[in-house]
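Below is one structure, written out as structure tokens; the observations come after it.
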Amino acid sequence: MKATWEKIDTNLVSLNVEVGAEQVTEALDKAFKKVVQKVNVPGFRKGKVPRGIFESKFGVESLYQDAIDIILPDVYAAAVNEAGILPVDRPEIDVEQFAKGQTFKFSAKVTVKPEVKLGDYKGLEVPSAEAVVTEEEVNEELNRLQQRHAELNVIDEGTVESGDTAVIDFDGSVDGVPFEGGKSERYSLEIGSGSFIPGFEDQVIGLGTGDFKDVEVTFPESYHVADLAGKAAIFKVKLHEIKRKVLPALDDEFAKDVSEFETLAEYKEDLQGKLKERKAKENEATRETAVVEKAAEAAEIEIPQAMVNTETDFMLKDFENRLRMQGMNLELYFQFSGQNEAALREQMRGDAEKRVRNNLVLEAIAKAEGIEVSEEDVNAELETLSKAYNRPADELRDIFSRNGNLDNLKEDVSLRKTIKFLLENSKEAVNA
């Protein structure tokens, strides 16, 4: 095999490949074994047609596309490796020659990982802050815990207020015609959660148990169901129950219920320590973000759109997985938020491009500074993951290896080592 390439545009190369006739013959043999299982020729059982009879009846050319499909993936991968290029998107293949007894020639337009021209990345100024926790912050945390451990009690008198949970029936229609997903019975809706179409929850406020109301709303223009986007709708609502939070008292009994401490004073002291630890980590994360973004801003780089699209795909998948952990899915999220997938992707695109830029710059700095990931680094990372997931490190290594994710693990370690290098070579920002 012979592979050559030339640059035809920024981040775009033309890869020209020639493969020997022997490999073409092997691919045709494999294609015949595959195709012959599917053809019917009188006098022969399926799969038992001799090669000569098959070619005389159907022509050897009938095997070409299957042979190309068989040979191309491996040959393309080998050519990319031989040429030393780093593709970031599917190639645009142009088959120039493929025939029995001849060499296989093809060209491919390949979008490749961009070159990074680094700017200043040492001596960057980054913020530094002491992890101080105030009494007010401790009390705010206690209030959040109060809310989390609150009981929902049905109230017999009064009307719906923000923060209440309203148990309702609703039946929606547009121009008098019901629509799919617009009807439910005894649905528990937390008022103020923003989980329904904008304007819906506000109109439930003030209703009393047993009340009826026509709630008028307009679906957002970006609503995920195209037939409903921008349409005015009427929901016939009946209120069955009002549930209101009853907060537990902040006392020693509360501390005993939610912690291992006997008194509220002890619990508050422990909370203060944990909040301080959390704030220290947040401060460190802020410093890491600042130093990476400053190094990235100083670099010159043209990012292929394909890399941004791939990162957006990853972010969307990660978002969907997190929704599942909360008992939701994308369809429900779109219904509640009024967004659609295109709008969500567009919302993610800016962060996706920033992530790609930051990672490319960190990779370039690691290469420039000779930052490498040793076997000890990998073992240390596996031990950390072992404690987090309560699984043996050797088992995790085996899983990563089987799934082909060990290189990704090493890349993550390399990025963190590079960020540490940047911080060690930074200086504290001076406040004006």
Side-chain angles (χ1 to χ4, degrees), residues 86 88 113-132 274-304 307-308 310-315 317-319 321-322 348-389 393 396-397 400 404-431:
L86 298 171
V88 295
K113 184 176 285 192
E115 296 178 3
V116 178
K117 184 178 179 182
L118 293 171
D120 293 334
Y121 59 86
K122 294 181 183 179
L124 299 175
E125 290 191 351
V126 294
S128 181
E130 187 179 352
V132 177
K274 288 178 178 175
L275 288 172
K276 186 173 183 178
E277 183 179 340
R278 183 197 303 172
K279 186 170 283 190
K281 289 180 180 178
E282 290 171 352
N283 289 346
E284 188 67 7
T286 298
R287 296 179 73 242
E288 289 177 353
T289 300
V291 77
V292 170
E293 290 187 351
K294 285 196 172 187
E297 287 168 3
E300 293 180 19
I301 177 173
E302 283 196 38
I303 301 173
M307 295 188 76
V308 178
T310 299
E311 185 64 25
T312 304
D313 290 342
F314 173 81
M315 290 173 66
K317 192 69 176 176
D318 181 60
F319 181 68
N321 289 337
R322 285 187 280 119
M348 292 177 167
R349 188 168 296 279
D351 284 340
E353 184 169 354
K354 183 182 289 187
R355 284 191 189 185
V356 172
R357 170 178 284 275
N358 290 352
N359 287 345
L360 287 170
V361 170
L362 287 172
E363 286 177 12
I365 293 171
K367 184 177 180 181
E369 295 294 334
I371 298 172
E372 298 179 348
V373 177
S374 66
E375 191 62 23
E376 290 75 16
D377 292 327
V378 175
N379 290 336
E381 179 68 9
L382 289 170
E383 286 296 334
T384 300
L385 293 173
S386 173
K387 293 174 183 176
Y389 294 104
L396 291 175
R397 177 186 284 275
F400 277 110
N405 289 325
L406 198 57
D407 284 342
N408 292 338
L409 180 74
K410 291 178 180 178
E411 287 176 13
D412 288 342
V413 175
S414 176
L415 291 178
R416 289 202 298 275
K417 288 185 73 171
T418 307
I419 294 171
K420 183 180 179 182
F421 168 85
L422 291 176
L423 283 177
E424 289 173 346
N425 287 274
S426 67
K427 56 187 179 182
E428 186 176 338
V430 178
N431 295 324

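Counting begins at 1 with the first residue of the sequence.
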Under 4.5 Å between any side-chain heavy atoms of [X] and [Y], yes or no?
X: V413; Y: K410; result: no
X: L362; Y: L422; result: yes
X: M348; Y: F314; result: no
X: F400; Y: E381; result: no

Nearest heavy-atom pair of [X] and [Y]: which atoms, and what distance?
X: L124; Y: A295; result: CD1-N, 3.7 Å
X: V291; Y: S426; result: CG2-CB, 4.3 Å
X: A393; Y: S386; result: N-OG, 3.7 Å
X: R397; Y: L406; result: NH1-CD2, 4.3 Å
X: P114; Y: L360; result: CG-CD1, 3.7 Å
X: T418; Y: A366; result: OG1-CB, 3.4 Å

Output the distance between atom [atom1] ([X]) and atom [atom2] ([Y]), rounded to the nearest 0.5 Å.
X: I365; Y: I419; atom1: CD1; atom2: CD1; value: 9.5 Å
X: E375; Y: L382; atom1: CD; atom2: CG; value: 8.5 Å
X: I301; Y: K117; atom1: CD1; atom2: NZ; value: 13.0 Å
X: E300; Y: E115; atom1: CD; atom2: CD; value: 11.5 Å
X: N425; Y: K420; atom1: CG; atom2: NZ; value: 12.0 Å
X: S414; Y: E372; atom1: OG; atom2: CD; value: 9.0 Å

Sub-3.5 Å donor-acceptor pair from the side chain of [X] to the main-chain atoms of [Y], do we have one?
X: R357; Y: A296; result: yes
X: K279; Y: V132; result: yes
X: D377; Y: S374; result: yes

Legend entry - Result of checking L409, D407, V378 against V373 for side-chain contact (heavy atoms from CB on, under 4.5 Å):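 Of all the options given, the one that passes is V378.
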
Assess whether a salt bridge exists between [X] and [Y], defined as any Lys/Arg side-chain N lying under 4.0 Å from an Asp/Glu carboxylate O.
X: K281; Y: E277; value: yes
X: D351; Y: R355; value: no
X: E297; Y: K294; value: no

Determine whether more than 12 heavy atoms belonging to other residues, nucleotides or ligands lie under 6.0 Å from atom [atom1] of [X].
X: N405; atom1: CG; result: yes
X: K354; atom1: NZ; result: no
X: E284; atom1: CD; result: yes
X: E130; atom1: CD; result: no

Legend entry - Chi angles and distances behind the side-chain contact (heavy atoms from CB on, under 4.5 Å) call for L275, R278: CA-CA 5 Å; L275 288 172; R278 183 197 303 172; 3.6 Å; yes

Inset, instruction - State whether a side-chain donor-acceptor pair under 3.5 Å links T310 with D313. - result: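 Side-chain D/A pair, T310 to D313: absent.
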
Inset, instruction - Apply the test salt bridge (charged side-chain N to carboxylate O under 4.0 Å, His left out) to residues E363 and K367: give CA-CA distance (whole Å), side-chain angles for both, the deciding distance (0.1 Å), then the verdict. - result: CA-CA 6 Å; E363 286 177 12; K367 184 177 180 181; over 6 Å; no

Inset, instruction - Taking salt bridge (Lys or Arg N to Asp or Glu O under 4.0 Å) as the test, write out the residues that go with D412, two or more places apart. - result: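 If we apply the salt bridge (Lys or Arg N to Asp or Glu O under 4.0 Å) test to D412, skipping adjacent residues, there are no hits.
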
